[in-house]
Chemist: 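This is the structure I want to talk about, given as structure tokens.
Quick note on labels: first sequence line is chain A, next is B, and so on, each numbered from 1. Everything quoted here is computed from the prediction, not taken from an experiment. Computed over heavy atoms, backbone and side chain alike; hydrogens, waters and symmetry mates excluded.
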Amino acid sequence: MDRAIAIEVSRLCKTYDAHKAVDDLSFQVYAGEIFGLLGPNGAGKSTTLRTLITLLHPTSGTASVFGHDTVREADTVRMLIGYVPQERAIDRFLTGREHLQLLGALYHLTKEEAAKRIAELLKLVELESHADRPAKTYSGGMKRKLDIACGLLPNPKVLFLDEPTLGLDVQSRLRIWEYVRMLKARGMTIVMTTNYLDEADQLCDRLAIIDGGKIKTLGAPAELKIALGGDIVSLTLKETDRMAGLESALKNQPAIKAVRLTAKGLDIRVESPEKALPVILESANRLGCSIEFIQYNRPRLDDVFIAHTGRRIQDDIPKEE
Amino acid sequence: MKDYWQEIRALTMRWVLRLSREKFSMLFTLVQPMLFWLIFFGNLFQRAADSQVTQAPNYISFLAAGVVVMTVLNNGLAGGVDLLFDKENGFLERLMSTPIHRSSVILSRFIFVMTITSLQVLVILGVAFLFGVHPATGLLGIATILLIGMMFGVGLTAISMAMAFSVKSHGDFFSVLGFLSLPMIFLSSALVPLAAMPGWMSVLAQFNPMTWAIDAVRPLILSGWSEALPHVGMVVLVMLVFDALCLYGGAKAFRRAMG
Ligand SMILES: Nc1ncnc2c1ncn2[C@@H]1O[C@H](COP(=O)(O)OP(=O)(O)OP(=O)(O)O)[C@@H](O)[C@H]1O
Ligand SMILES: [Mg+2]
């Protein structure tokens, strides 16, 4: 299936002094999807994003947004995008509404256009009742909401979110996930970075795992997990004498990818448990194998991350603000 | 062009809004130079300062020119501070990701700093007036003083912004600022005329653009046009060179920081 390409990154490198922050990155983002950059601190996520929003010039390689080069056609790109930085980029002395009014002028909206859009956005992020208080009186979550409203003000075709839920409580995170899904439903393309595995897993249509400035793997979360070899159903049998019989009975079943004998039972790799489990249970029944214990393991994104980077992402959990 | 103006106006209004939210600190920045330097220092040294040396009827009238230029100096050198904070908290990045002219943010800052400085200079001249200092060159002289102040201020603000864009942390920025500001004042003709300084100090003071500004502002206040004009002509030349150098450095630092 050919899908419209929103962002094209080709052989992108960004070097600080001798340090390669981004090292030969290539990927595409399709229009209308939520694309994630997942990686530990210092992986190069923000650097990649800053290049895409025209704030950094690549050392080599190119990036384009809807076909417009981020260096040569920076002005065109800036009209298409909205950006929510990783730091709370808030002016403590301005009210929420003043932030949005300032941005309205910077996007060259007329007063009326701006006022209409600001009212909509304040409603969307539920800041209406706080809109006229200086931002220094906002809580962390409210500041983040204002940040997001600022990113949405230009009504962008692509929204860039840098660690949108870093340091937020569970409720605020879920709320922000909801916004992001809703924006996608409205047809917006979203590129976000995160170092939370569950966020990448639940929110992103596709994601790239990056580490040390390089892409380690790229795909839909489900694909990445399946690529590890599928889910595993582990059987522990009461008697071990009929194990070999069960193994050969299962081996050629279409729902089953591989079977391996273990000390007390079988490890069965399956593509989808819905199809495989009935087959397994039916065969065991037919052969008179009584099952003592059945365990089902779905590979998690953790496993994908470890498989591709050789370590856990939690090894260097972010220092929360 | 209409877009450009809309951006600059909105960004300038932001500085005004911020200032109006910080009433307390606004009051102190406005009042500090007149209170501390003009009123306290001016009156304190009234009798200690020899009017044969200062060539002025009293010390306050001698000091007024110095305080005017000191205000320009302090405002100019601090002119980049807000951009520094914007850079550090990511606000600048947010502004720069919008389709504005790259120069709008900087221009808004120049406009704001120059306006505030000019207002402050007027207030200082007003307070000095109350102490009996009547500018010898009248309103046109005051306009000339404002012009000199702005020419000096543009260069200083450019230095300050260049520093804001180049420093690694705001600690560095404030150390350099603190290091620059007092020596600039002491090594100038703000407090004492060059002729009354120890030789080495007066040599150094001659290379200080501040001295040139003060030496033009002072006769505008004390003497009259015939004495002031040559100094005014000279300071305009000096400031043109000074501003050109500072703006060149500032533009380079800005381009390096903003890609
Ligand atoms: N302005 C800079 N000067 C020098 N080095 C930099 C600069 N910005 C980033 N780096 C380096 O580039 C690397 C990638 O940084 P980047 O901010 O892209 O990481 P990240 O993946 O966003 O990390 P985090 O999860 O902590 O936000 C890091 O090693 C960082 O130290
Ligand atoms: Mg980052």
Side-chain angles (χ1 to χ4, degrees), chain A residues 14 46 49-59 70-71 73-95 97-111 114 133-137 143 146-147 150-151 153-154 156 159-160 162, chain B residues 1-27 29 81-109 111-112 165-166 168-170 254-259:
Chain A
K14 180 70 193 180
S46 297
L49 225 58
R50 286 202 184 98
T51 315
L52 287 171
I53 59 168
T54 75
L55 292 183
L56 283 180
H57 287 188
T59 308
T70 56
V71 178
E73 300 168 88
D75 276 325
T76 318
V77 172
R78 288 181 194 126
M79 310 256 241
L80 299 172
I81 61 167
Y83 172 47
V84 180
Q86 178 171 351
E87 307 91 8
R88 310 275 139 79
I90 299 283
D91 184 331
R92 318 172 46 237
F93 295 104
L94 301 190
T95 67
R97 193 186 306 280
E98 284 161 355
H99 276 85
L100 295 167
Q101 284 166 341
L102 172 64
L103 286 168
L106 301 187
Y107 284 102
H108 311 120
L109 304 181
T110 65
K111 269 227 166 65
R133 263 166 45 188
K136 66 178 162 193
T137 67
K143 285 182 187 155
L146 175 58
D147 255 339
C150 288
L153 187 95
L159 181 67
F160 292 92
D162 201 351
Chain B
M1 204 58 216
K2 193 172 131 270
D3 288 353
Y4 202 13
W5 178 234
Q6 188 183 16
E7 294 159 11
I8 294 175
R9 197 179 49 190
L11 290 164
T12 309
M13 279 317 291
R14 170 177 170 234
W15 304 124
V16 175
L17 268 178
R18 279 177 64 110
L19 187 70
S20 71
R21 299 280 149 81
E22 295 176 279
K23 292 209 174 66
F24 204 61
S25 92
M26 172 172 79
L27 198 69
T29 17
V81 173
D82 292 70
L83 286 180
L84 179 70
F85 288 126
D86 274 0
K87 184 183 89 170
E88 289 194 338
N89 78 11
F91 203 86
L92 189 64
E93 211 167 63
R94 157 162 284 149
L95 296 180
M96 287 317 211
S97 74
T98 67
I100 55 172
H101 294 76
R102 302 293 92 182
S103 55
S104 295
V105 177
I106 306 252
L107 277 177
S108 75
R109 197 68 206 158
I111 294 172
F112 175 75
F165 287 122
S166 320
K168 290 267 179 289
S169 76
H170 65 253
F254 180 65
R255 232 172 273 129
R256 199 168 339 106
M258 290 291 113

Chemist: Side chain, backbone, both or neither: which part of R92(A) has a heavy atom under 4.5 Å from chain B?
Modeler: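 Neither; nothing under 4.5 Å.
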Chemist: For P99(B) and D75(A), which heavy atoms make the closest approach, and how far apart are they?
Modeler: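 Taking every non-hydrogen atom into account, CB-O, 4.4 Å.
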Chemist: Counting only heavy atoms closer than 4.5 Å, note whether E98(A) contacts chain B via side chain, backbone, both or neither.
Modeler: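 Only the side chain of E98(A) comes within 4.5 Å of chain B.
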Chemist: Are M96(B) and Y83(A) packed together at the side-chain level, in the sense that at least one heavy-atom pair is separated by less than 4.5 angstrom?
Modeler: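 A side-chain contact is absent here, since even the closest heavy-atom pair is not under 4.5 Å.
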Chemist: Between L109(A) and chain B, which part of the residue has a heavy atom less than 4.5 Å away: side chain, backbone, both or neither?
Modeler: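 Just its backbone gets close to chain B.
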Chemist: Among the options M13(B), E93(B), R14(B), E7(B), pick out the one with the most heavy-atom pairs lying under 4.5 Å from chain A.
Modeler: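 Of the candidates given, the most pairs with chain A belong to E93(B).
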Chemist: Do Y107(A) and T98(B) come close enough that some side-chain heavy atom pair is under 4.5 Å?
Modeler: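 Of all side-chain heavy-atom pairs linking T98(B) with Y107(A), at least one is under 4.5 Å.
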Chemist: Between M79(A), Q101(A), R50(A), who has the most heavy-atom pairs with chain B when the cutoff is under 4.5 Å?
Modeler: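 Most heavy-atom pairs within the cutoff with chain B belong to R50(A).
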Chemist: Would you compute the distance between atom CZ of R94(B) and atom CG of L103(A) and round it to the nearest 0.5 angstrom?
Modeler: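 Rounded to the nearest 0.5 Å, the CZ-CG separation comes to 6.5 Å.
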Chemist: Let me know if L153(A) has heavy atoms under 4.5 Å from chain B in its side chain, its backbone, both or neither.
Modeler: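 Neither part; nothing is under 4.5 Å.
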Chemist: Heavy-atom pairs under 4.5 Å with chain B - which of L94(A), T76(A), V84(A) has more of them than the others?
Modeler: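 Highest number of heavy-atom pairs under 4.5 Å: L94(A).
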Chemist: From T95(A) OG1 over to R21(B) CZ, what is the distance, rounded to the nearest 0.5 angstrom?
Modeler: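 Taking OG1 in T95(A) and CZ in R21(B), the distance rounds to 6.0 Å.
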Chemist: Determine the option with the most heavy-atom pairs under 4.5 angstrom with chain A, choosing from D3(B), N89(B), I100(B).
Modeler: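 Winner by heavy-atom pair count: D3(B).
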Chemist: Does A105(A) offer a backbone N or O that forms a donor-acceptor pair with the side chain of R9(B) under 3.5 Å?
Modeler: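 No, the answer is negative, given that no donor and acceptor are paired below the 3.5 Å cut-off.
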Chemist: Enter the distance from H108(A):NE2 to Y4(B):OH here, rounded to the nearest 0.5 Å.
Modeler: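 Rounded to the nearest 0.5 Å, the NE2-OH separation comes out at 10.5 Å.
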Chemist: F91(B) and side chain to side chain contact (heavy atoms under 4.5 Å, CB included): which single residue from E87(A), R88(A), H99(A) fits?
Modeler: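 Answer to the side chain to side chain contact (heavy atoms under 4.5 Å, CB included) test with F91(B) among E87(A), R88(A), H99(A): H99(A).
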Chemist: Does some side-chain heavy atom of L11(B) sit less than 4.5 Å from a side-chain heavy atom of L106(A)?
Modeler: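 SC-SC contact between L106(A) and L11(B) confirmed.
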Chemist: Hey, what do you get for CG (D91(A)) to CH2 (W15(B)), rounding to the nearest 0.5 Å?
Modeler: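 Going from the CG atom of D91(A) to the CH2 atom of W15(B) covers 7.5 Å.
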